> 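The structure's right below; bear with me while I get my questions together.
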Amino acid sequence: MEAAKVKNRGIILMNLGSPDSTEVKDVARYLNEFLMDERVIDYPWLFRKILINGIIVPRRAPKSAEAYKTIWTKEGSPLINITKQQARLLEAQMGEPVEISMRYGSPSPKEAFDNLLKRNPDITEVVAVPLYPHYAMSSYETAVEQARLIYQTNRYPFKLRFVPAFYNDEKYIEAFCNSIAPYLQQPHDHILFSYHGIPARHLKKTDVTGHCLAKNFECCNQPSIAHKTCYRHQVFETTRLVAERLNLPKDKYSLSFQSRLGGGWLEPFTDIRLQEMPKEGIKNLIIVSPAFVSDCLETLEELEERGKEEFIGAGGEKYQFVPCMNTNPTWIDAIEHLVNKDVK
Ligand SMILES: C=CC1=C(C)c2cc3[nH]c(cc4nc(cc5[nH]c(cc1n2)c(C)c5CCC(=O)O)C(CCC(=O)O)=C4C)c(C)c3C=C
Ligand SMILES: [Fe+2]
Ligand SMILES: [Fe+2]
(Lines give C-alpha, C1' and ligand atoms only; values in the text may rest on other atoms or scores of the structure.)
(Ligands and ions follow the chains in the order given, each with its own letter.)
Protein backbone atom coordinates (compact mmCIF):
# COMPACT_ATOMS: atom_id res chain seq x y z
CA MET A 1 0.00 0.00 0.00
CA GLU A 2 1.31 3.43 -0.91
CA ALA A 3 2.00 5.80 2.00
CA ALA A 4 0.06 9.08 1.96
CA LYS A 5 1.91 12.21 0.94
CA VAL A 6 3.15 14.09 4.02
CA LYS A 7 2.17 17.77 3.91
CA ASN A 8 4.93 20.36 4.29
CA ARG A 9 7.74 17.82 4.26
CA GLY A 10 10.88 18.01 2.15
CA ILE A 11 13.44 15.34 1.31
CA ILE A 12 17.17 15.62 0.62
CA LEU A 13 19.22 12.87 -1.05
CA MET A 14 22.78 13.29 0.21
CA ASN A 15 25.82 11.93 -1.59
CA LEU A 16 29.58 12.39 -1.68
CA GLY A 17 30.12 14.74 -4.64
CA SER A 18 32.51 14.93 -7.59
CA PRO A 19 34.86 17.54 -9.08
CA ASP A 20 33.25 20.33 -11.16
CA SER A 21 35.09 19.08 -14.25
CA THR A 22 37.88 16.71 -15.21
CA GLU A 23 40.43 19.55 -15.37
CA VAL A 24 43.35 18.93 -13.02
CA LYS A 25 42.70 22.20 -11.13
CA ASP A 26 39.08 21.24 -10.39
CA VAL A 27 40.07 17.72 -9.40
CA ALA A 28 42.82 19.12 -7.13
CA ARG A 29 40.32 21.49 -5.44
CA TYR A 30 37.88 18.60 -4.89
CA LEU A 31 40.57 16.27 -3.54
CA ASN A 32 41.81 19.02 -1.25
CA GLU A 33 38.35 19.59 0.24
CA PHE A 34 37.72 15.83 0.52
CA LEU A 35 41.05 14.81 2.04
CA MET A 36 41.30 17.81 4.39
CA ASP A 37 38.11 16.52 6.04
CA GLU A 38 39.26 15.35 9.49
CA ARG A 39 36.85 12.42 9.33
CA VAL A 40 38.55 11.20 6.14
CA ILE A 41 42.24 11.81 6.86
CA ASP A 42 42.27 11.87 10.64
CA TYR A 43 45.76 13.23 11.27
CA PRO A 44 46.46 16.45 13.22
CA TRP A 45 45.62 19.55 11.14
CA LEU A 46 49.15 20.78 10.36
CA PHE A 47 50.46 17.33 9.43
CA ARG A 48 47.35 16.73 7.33
CA LYS A 49 47.76 20.07 5.54
CA ILE A 50 51.41 19.37 4.67
CA LEU A 51 50.66 15.81 3.59
CA ILE A 52 47.58 16.67 1.51
CA ASN A 53 48.74 19.95 -0.08
CA GLY A 54 52.41 19.05 -0.40
CA ILE A 55 52.34 15.38 -1.40
CA ILE A 56 49.00 13.65 -1.97
CA VAL A 57 47.02 16.20 -4.02
CA PRO A 58 49.87 17.22 -6.40
CA ARG A 59 50.60 13.55 -7.12
CA ARG A 60 47.04 12.30 -7.21
CA ALA A 61 45.14 15.08 -9.01
CA PRO A 62 46.56 14.43 -12.53
CA LYS A 63 45.96 10.66 -12.20
CA SER A 64 42.48 11.14 -10.77
CA ALA A 65 41.66 13.63 -13.55
CA GLU A 66 42.60 10.96 -16.14
CA ALA A 67 40.43 8.42 -14.32
CA TYR A 68 37.46 10.82 -14.21
CA LYS A 69 37.83 11.45 -17.98
CA THR A 70 37.11 7.76 -18.62
CA ILE A 71 33.69 7.92 -16.90
CA TRP A 72 32.59 11.56 -17.51
CA THR A 73 29.43 12.00 -19.58
CA LYS A 74 28.09 15.01 -21.47
CA GLU A 75 25.97 15.77 -18.40
CA GLY A 76 29.08 15.62 -16.17
CA SER A 77 29.71 13.35 -13.18
CA PRO A 78 27.78 10.04 -13.22
CA LEU A 79 27.44 10.14 -9.41
CA ILE A 80 25.77 13.56 -9.42
CA ASN A 81 23.60 12.88 -12.44
CA ILE A 82 22.34 9.56 -11.14
CA THR A 83 21.56 11.20 -7.77
CA LYS A 84 19.58 13.90 -9.66
CA GLN A 85 17.65 11.23 -11.54
CA GLN A 86 16.89 9.37 -8.30
CA ALA A 87 15.61 12.64 -6.81
CA ARG A 88 13.35 13.31 -9.82
CA LEU A 89 11.89 9.81 -9.72
CA LEU A 90 11.36 9.92 -5.95
CA GLU A 91 9.68 13.31 -6.18
CA ALA A 92 7.31 12.10 -8.91
CA GLN A 93 6.52 8.97 -6.90
CA MET A 94 6.03 10.62 -3.49
CA GLY A 95 4.58 13.97 -4.54
CA GLU A 96 6.92 15.76 -2.10
CA PRO A 97 9.81 18.12 -2.98
CA VAL A 98 13.16 16.34 -3.24
CA GLU A 99 16.55 18.11 -3.49
CA ILE A 100 20.06 16.72 -3.61
CA SER A 101 23.17 17.74 -1.69
CA MET A 102 26.82 16.74 -1.85
CA ARG A 103 29.36 16.53 1.01
CA TYR A 104 32.12 17.97 -1.20
CA GLY A 105 31.62 20.39 -4.09
CA SER A 106 28.09 21.33 -5.02
CA PRO A 107 25.20 21.52 -4.43
CA SER A 108 25.87 21.98 -0.71
CA PRO A 109 23.39 21.08 2.05
CA LYS A 110 22.74 24.84 2.44
CA GLU A 111 21.63 25.09 -1.20
CA ALA A 112 19.37 22.07 -0.69
CA PHE A 113 17.77 23.51 2.49
CA ASP A 114 17.30 26.92 0.81
CA ASN A 115 15.78 25.36 -2.31
CA LEU A 116 13.29 23.37 -0.23
CA LEU A 117 12.27 26.54 1.63
CA LYS A 118 11.93 28.46 -1.63
CA ARG A 119 9.71 25.74 -3.03
CA ASN A 120 7.58 25.61 0.12
CA PRO A 121 8.03 28.38 2.73
CA ASP A 122 5.69 26.45 5.09
CA ILE A 123 7.90 23.41 5.24
CA THR A 124 7.94 21.91 8.78
CA GLU A 125 10.15 18.85 8.39
CA VAL A 126 13.11 17.78 6.25
CA VAL A 127 14.13 14.15 5.98
CA ALA A 128 17.73 13.76 4.82
CA VAL A 129 18.82 10.44 3.32
CA PRO A 130 22.59 9.87 3.32
CA LEU A 131 22.92 7.50 0.36
CA TYR A 132 25.36 5.23 2.20
CA PRO A 133 24.06 1.83 3.30
CA HIS A 134 26.92 1.47 5.82
CA TYR A 135 28.10 3.72 8.64
CA ALA A 136 31.65 5.06 8.33
CA MET A 137 33.03 8.26 9.81
CA SER A 138 34.43 9.08 6.35
CA SER A 139 31.06 8.77 4.59
CA TYR A 140 27.81 8.73 6.61
CA GLU A 141 29.07 10.53 9.71
CA THR A 142 30.85 13.40 7.96
CA ALA A 143 27.83 14.03 5.69
CA VAL A 144 25.42 14.11 8.62
CA GLU A 145 27.62 16.26 10.87
CA GLN A 146 28.23 18.82 8.11
CA ALA A 147 24.51 19.08 7.29
CA ARG A 148 23.60 19.30 10.99
CA LEU A 149 26.08 22.16 11.52
CA ILE A 150 24.72 24.09 8.52
CA TYR A 151 21.17 23.51 9.79
CA GLN A 152 22.01 24.78 13.28
CA THR A 153 24.07 27.76 12.11
CA ASN A 154 21.32 28.97 9.80
CA ARG A 155 18.49 28.37 12.33
CA TYR A 156 16.17 26.89 9.72
CA PRO A 157 12.51 26.92 10.77
CA PHE A 158 11.89 23.18 10.20
CA LYS A 159 12.76 19.92 11.98
CA LEU A 160 15.59 17.88 10.48
CA ARG A 161 15.76 14.07 10.60
CA PHE A 162 18.42 11.77 9.14
CA VAL A 163 17.70 8.27 7.85
CA PRO A 164 20.10 5.84 9.61
CA ALA A 165 22.52 3.57 7.75
CA PHE A 166 20.29 0.97 6.07
CA TYR A 167 22.70 -1.97 5.59
CA ASN A 168 20.16 -4.53 6.88
CA ASP A 169 16.92 -2.88 5.81
CA GLU A 170 14.65 -5.41 4.11
CA LYS A 171 13.73 -3.14 1.18
CA TYR A 172 17.37 -2.20 0.49
CA ILE A 173 18.33 -5.89 0.54
CA GLU A 174 15.38 -6.72 -1.72
CA ALA A 175 16.24 -3.93 -4.19
CA PHE A 176 19.90 -4.93 -4.24
CA CYS A 177 19.04 -8.60 -4.80
CA ASN A 178 16.65 -7.64 -7.62
CA SER A 179 19.37 -5.63 -9.30
CA ILE A 180 21.97 -8.41 -9.25
CA ALA A 181 19.70 -11.45 -9.72
CA PRO A 182 19.56 -11.32 -13.57
CA TYR A 183 23.38 -11.43 -13.75
CA LEU A 184 23.50 -14.49 -11.49
CA GLN A 185 21.58 -16.45 -14.18
CA GLN A 186 24.81 -16.50 -16.21
CA PRO A 187 27.24 -19.34 -15.54
CA HIS A 188 29.87 -18.20 -13.00
CA ASP A 189 32.44 -19.63 -10.60
CA HIS A 190 32.21 -16.98 -7.89
CA ILE A 191 30.59 -13.69 -6.76
CA LEU A 192 32.83 -11.04 -5.19
CA PHE A 193 31.17 -8.44 -2.94
CA SER A 194 33.54 -5.45 -3.15
CA TYR A 195 33.02 -2.70 -0.54
CA HIS A 196 34.79 0.67 -0.30
CA GLY A 197 37.64 0.23 2.19
CA ILE A 198 38.43 2.36 5.24
CA PRO A 199 41.47 2.51 7.54
CA ALA A 200 41.01 -0.09 10.31
CA ARG A 201 41.73 2.57 12.95
CA HIS A 202 38.52 4.37 11.94
CA LEU A 203 36.57 1.41 13.34
CA LYS A 204 38.16 2.05 16.72
CA LYS A 205 37.20 5.72 16.58
CA THR A 206 33.51 4.98 15.97
CA ASP A 207 33.35 2.03 18.39
CA VAL A 208 31.31 2.96 21.46
CA THR A 209 32.48 -0.17 23.35
CA GLY A 210 36.21 0.38 22.77
CA HIS A 211 36.62 -3.37 22.09
CA CYS A 212 36.71 -3.51 18.30
CA LEU A 213 40.37 -3.60 17.34
CA ALA A 214 41.59 -4.46 20.84
CA LYS A 215 39.82 -7.83 20.56
CA ASN A 216 40.77 -8.49 16.97
CA PHE A 217 37.45 -7.39 15.45
CA GLU A 218 35.49 -9.64 17.85
CA CYS A 219 32.55 -7.27 17.99
CA CYS A 220 31.88 -7.66 14.27
CA ASN A 221 30.63 -11.25 14.61
CA GLN A 222 28.99 -11.16 18.04
CA PRO A 223 25.91 -9.26 19.19
CA SER A 224 27.16 -5.80 20.20
CA ILE A 225 25.86 -2.27 20.58
CA ALA A 226 28.94 -1.31 18.52
CA HIS A 227 27.21 -2.58 15.37
CA LYS A 228 25.26 0.65 14.94
CA THR A 229 28.51 2.35 13.87
CA CYS A 230 30.70 -0.63 12.88
CA TYR A 231 31.35 -0.53 9.13
CA ARG A 232 32.96 -3.97 9.16
CA HIS A 233 30.01 -5.64 10.90
CA GLN A 234 27.57 -3.87 8.61
CA VAL A 235 29.22 -4.99 5.36
CA PHE A 236 29.35 -8.60 6.65
CA GLU A 237 25.67 -8.35 7.49
CA THR A 238 24.66 -6.97 4.07
CA THR A 239 26.61 -9.78 2.41
CA ARG A 240 25.03 -12.42 4.67
CA LEU A 241 21.49 -11.12 4.08
CA VAL A 242 21.94 -10.94 0.29
CA ALA A 243 23.48 -14.44 0.19
CA GLU A 244 20.64 -15.81 2.32
CA ARG A 245 17.94 -14.23 0.18
CA LEU A 246 19.52 -15.46 -3.06
CA ASN A 247 20.46 -18.90 -1.65
CA LEU A 248 24.12 -18.47 -2.54
CA PRO A 249 26.25 -21.45 -1.47
CA LYS A 250 28.89 -20.37 1.12
CA ASP A 251 31.85 -21.33 -1.10
CA LYS A 252 30.47 -19.37 -4.08
CA TYR A 253 30.91 -15.85 -2.72
CA SER A 254 33.35 -13.73 -0.72
CA LEU A 255 33.93 -10.15 0.37
CA SER A 256 36.77 -7.68 -0.19
CA PHE A 257 37.61 -3.98 0.24
CA GLN A 258 38.57 -1.63 -2.60
CA SER A 259 39.98 1.90 -3.12
CA ARG A 260 42.65 1.87 -0.41
CA LEU A 261 44.77 4.97 0.09
CA GLY A 262 47.73 4.22 2.34
CA GLY A 263 48.46 1.42 4.80
CA GLY A 264 46.35 -0.22 7.52
CA TRP A 265 43.10 -0.45 5.56
CA LEU A 266 40.57 -3.28 5.96
CA GLU A 267 41.50 -6.51 4.22
CA PRO A 268 41.30 -8.50 1.99
CA PHE A 269 41.93 -5.99 -0.80
CA THR A 270 39.82 -6.25 -3.96
CA ASP A 271 42.73 -5.64 -6.38
CA ILE A 272 44.84 -8.35 -4.74
CA ARG A 273 41.94 -10.84 -4.65
CA LEU A 274 41.26 -10.20 -8.35
CA GLN A 275 44.83 -11.23 -9.14
CA GLU A 276 44.76 -14.27 -6.83
CA MET A 277 41.40 -15.70 -7.84
CA PRO A 278 42.33 -17.06 -11.30
CA LYS A 279 45.19 -19.02 -9.67
CA GLU A 280 42.65 -20.55 -7.27
CA GLY A 281 40.57 -21.78 -10.23
CA ILE A 282 38.06 -18.91 -10.26
CA LYS A 283 38.03 -18.05 -13.96
CA ASN A 284 34.52 -16.68 -14.34
CA LEU A 285 33.69 -13.92 -11.86
CA ILE A 286 30.71 -11.70 -11.06
CA ILE A 287 31.57 -8.56 -9.08
CA VAL A 288 28.98 -6.54 -7.13
CA SER A 289 29.35 -3.42 -4.98
CA PRO A 290 26.61 -3.01 -2.35
CA ALA A 291 28.27 0.01 -0.66
CA PHE A 292 27.47 2.18 -3.68
CA VAL A 293 23.87 2.86 -4.67
CA SER A 294 24.87 5.04 -7.65
CA ASP A 295 27.59 4.31 -10.18
CA CYS A 296 30.62 6.53 -9.73
CA LEU A 297 34.37 6.61 -10.22
CA GLU A 298 34.86 3.76 -7.75
CA THR A 299 32.55 1.40 -9.63
CA LEU A 300 32.87 2.48 -13.28
CA GLU A 301 36.62 3.10 -13.40
CA GLU A 302 38.00 1.04 -10.52
CA LEU A 303 35.77 -2.05 -10.75
CA GLU A 304 34.39 -2.15 -14.30
CA GLU A 305 37.56 -1.01 -16.11
CA ARG A 306 40.62 -1.57 -13.92
CA GLY A 307 39.26 -4.59 -12.04
CA LYS A 308 38.62 -6.36 -15.33
CA GLU A 309 42.18 -5.71 -16.51
CA GLU A 310 43.55 -7.06 -13.22
CA PHE A 311 41.43 -10.22 -13.30
CA ILE A 312 41.89 -11.03 -16.99
CA GLY A 313 45.59 -10.08 -16.78
CA ALA A 314 46.02 -12.66 -14.00
CA GLY A 315 44.47 -15.45 -16.08
CA GLY A 316 40.73 -14.91 -15.52
CA GLU A 317 38.44 -15.65 -18.49
CA LYS A 318 35.14 -13.85 -17.85
CA TYR A 319 34.54 -10.83 -15.64
CA GLN A 320 31.01 -9.52 -15.15
CA PHE A 321 30.67 -6.15 -13.40
CA VAL A 322 27.16 -5.52 -12.07
CA PRO A 323 26.04 -1.85 -12.20
CA CYS A 324 24.68 -0.17 -9.06
CA MET A 325 20.94 0.09 -8.36
CA ASN A 326 20.90 3.63 -9.80
CA THR A 327 17.31 4.29 -10.98
CA ASN A 328 15.89 0.77 -10.58
CA PRO A 329 12.21 1.10 -9.55
CA THR A 330 12.60 -1.20 -6.52
CA TRP A 331 15.46 0.98 -5.28
CA ILE A 332 13.32 4.13 -5.62
CA ASP A 333 10.59 2.24 -3.70
CA ALA A 334 13.21 1.39 -1.06
CA ILE A 335 14.21 5.06 -0.67
CA GLU A 336 10.52 5.95 -0.20
CA HIS A 337 10.27 3.22 2.44
CA LEU A 338 13.41 4.54 4.23
CA VAL A 339 11.98 8.09 4.28
CA ASN A 340 8.71 6.86 5.80
CA LYS A 341 10.24 4.27 8.14
CA ASP A 342 9.55 5.01 11.82
CA VAL A 343 7.15 7.84 10.88
CA LYS A 344 4.08 7.23 13.06
C1 LIG B 1 30.90 4.15 0.14
C2 LIG B 1 31.35 5.02 1.00
C3 LIG B 1 32.68 5.63 1.00
C4 LIG B 1 33.62 5.54 2.01
C5 LIG B 1 33.50 4.84 3.32
C6 LIG B 1 34.78 6.25 1.56
C7 LIG B 1 35.97 6.40 2.28
C8 LIG B 1 37.14 7.00 1.82
N9 LIG B 1 37.38 7.49 0.56
C10 LIG B 1 38.66 8.00 0.48
C11 LIG B 1 39.28 8.58 -0.63
C12 LIG B 1 38.68 8.80 -1.89
N13 LIG B 1 37.45 8.35 -2.30
C14 LIG B 1 37.19 8.82 -3.55
C15 LIG B 1 36.05 8.64 -4.28
C16 LIG B 1 34.83 8.14 -3.79
N17 LIG B 1 34.60 7.60 -2.54
C18 LIG B 1 33.28 7.26 -2.41
C19 LIG B 1 32.65 6.68 -1.29
C20 LIG B 1 33.27 6.39 -0.07
N21 LIG B 1 34.51 6.77 0.32
C22 LIG B 1 32.64 7.56 -3.65
C23 LIG B 1 31.18 7.36 -3.93
C24 LIG B 1 33.61 8.10 -4.51
C25 LIG B 1 33.40 8.50 -5.96
C26 LIG B 1 33.19 9.96 -6.21
C27 LIG B 1 32.88 10.27 -7.64
O28 LIG B 1 33.03 11.46 -8.03
O29 LIG B 1 32.49 9.44 -8.46
C30 LIG B 1 38.31 9.63 -3.98
C31 LIG B 1 38.39 10.49 -5.26
C32 LIG B 1 38.89 9.84 -6.44
C33 LIG B 1 40.31 9.35 -6.32
O34 LIG B 1 41.23 10.13 -6.44
O35 LIG B 1 40.43 8.14 -6.06
C36 LIG B 1 39.26 9.60 -2.95
C37 LIG B 1 40.60 10.31 -2.91
C38 LIG B 1 39.24 7.86 1.77
C39 LIG B 1 40.64 8.34 2.13
C40 LIG B 1 38.30 7.23 2.60
C41 LIG B 1 38.38 6.84 4.01
C42 LIG B 1 39.23 7.27 4.88
FE1 LIG C 1 36.12 7.14 -1.16
FE1 LIG D 1 33.02 -4.58 14.70
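Side-chain atoms are counted along with the backbone in the values below, which use heavy atoms only and exclude waters and symmetry mates. When a ligand or atom number is given, it counts from 1 through the structure's own listing order. All values derive from a computational prediction rather than experimental measurement.
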> Taking both backbone and side-chain atoms into account, decide whether His227 has an N/O/S atom under 2.8 Å from the Fe ion (ligand 3).
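Checking His227: none of its N, O or S atoms is under 2.8 Å.
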
> Please indicate whether Lys250 has more than 12 foreign heavy atoms, meaning atoms of other residues, nucleotides or ligands, lying under 6.0 Å from its NZ.
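Incorrect, the count does not exceed 12.
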
> Counting only heavy atoms not in Lys341 (residues, nucleotides, ligands), do more than 12 fall under 6.0 Å from its NZ?
yes

> Using a 4.0 Å heavy-atom cut-off, say whether Arg60 meets ligand 1 through its side chain, its backbone, both or neither.
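Side chain only.
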
> Between Thr124 and Asn8, is any side-chain donor less than 3.5 angstrom from a side-chain acceptor?
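Short answer, no.
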
> Decide whether an N or O pair under 3.5 Å exists between His196 and ligand 1.
yes

> Any ring pair (Phe, Tyr, Trp, His ring centres under 6.0 Å) pairs touching residues 171-191, not counting sequence neighbours?
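Sorted result for residues 171-191: Phe166-Tyr172.
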
> Any chance NZ of Lys283 has more than 12 other-residue heavy atoms, nucleotides or ligands included, within less than 6.0 Å?
yes

> Nearest to atom 15 (C) of ligand 1 by heavy atom, Arg260, Met137, His202, Glu298: which?
Glu298

> Within less than 2.8 Å of the Fe ion (ligand 3), any N, O or S from His233?
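No N, O or S atom of His233 is closer than 2.8 Å to the Fe ion (ligand 3), so no.
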
> Could you tell me if any non-hydrogen atom of Tyr140 lies under 4.0 Å from any atom of ligand 1?
no

> Does the ring center of Tyr140 lie less than 6.0 Å from the ring center of Tyr132?
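No, too far apart.
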
> Using a strict cut-off of 4.0 Å, indicate which atoms of ligand 1 neighbour a heavy atom of Leu16.
16 (C), 18 (C), 19 (C), 22 (C), 24 (C), 26 (C)

> For atom 42 (C) of ligand 1, tell me which residue out of Val40, Thr299, Val27, Leu35 has the closest non-hydrogen atom.
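Ranked by closest heavy atom to atom 42 (C) of ligand 1, first place is Val40.
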
> Quick one: does Ala61 get within less than 4.0 Å of ligand 1, heavy atoms only?
no

> When you measure from the heavy atoms of Ala291 to every atom of ligand 1, does any distance fall below 4.0 Å?
yes

> Can you tell me if NZ on Lys318 sees more than 12 non-hydrogen neighbours from other groups inside 6.0 Å?
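Atom NZ in Lys318 is crowded, with more than 12 foreign heavy atoms closer than 6.0 Å.
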
> Should we count NZ of Lys69 as having more than 12 external heavy atoms under 6.0 Å?
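Yes, the 6.0 Å shell around NZ holds more than 12 heavy atoms from other groups.
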
> Take every heavy atom of Pro199, measure it against each atom of ligand 1, and state whether any distance is under 4.0 Å.
yes

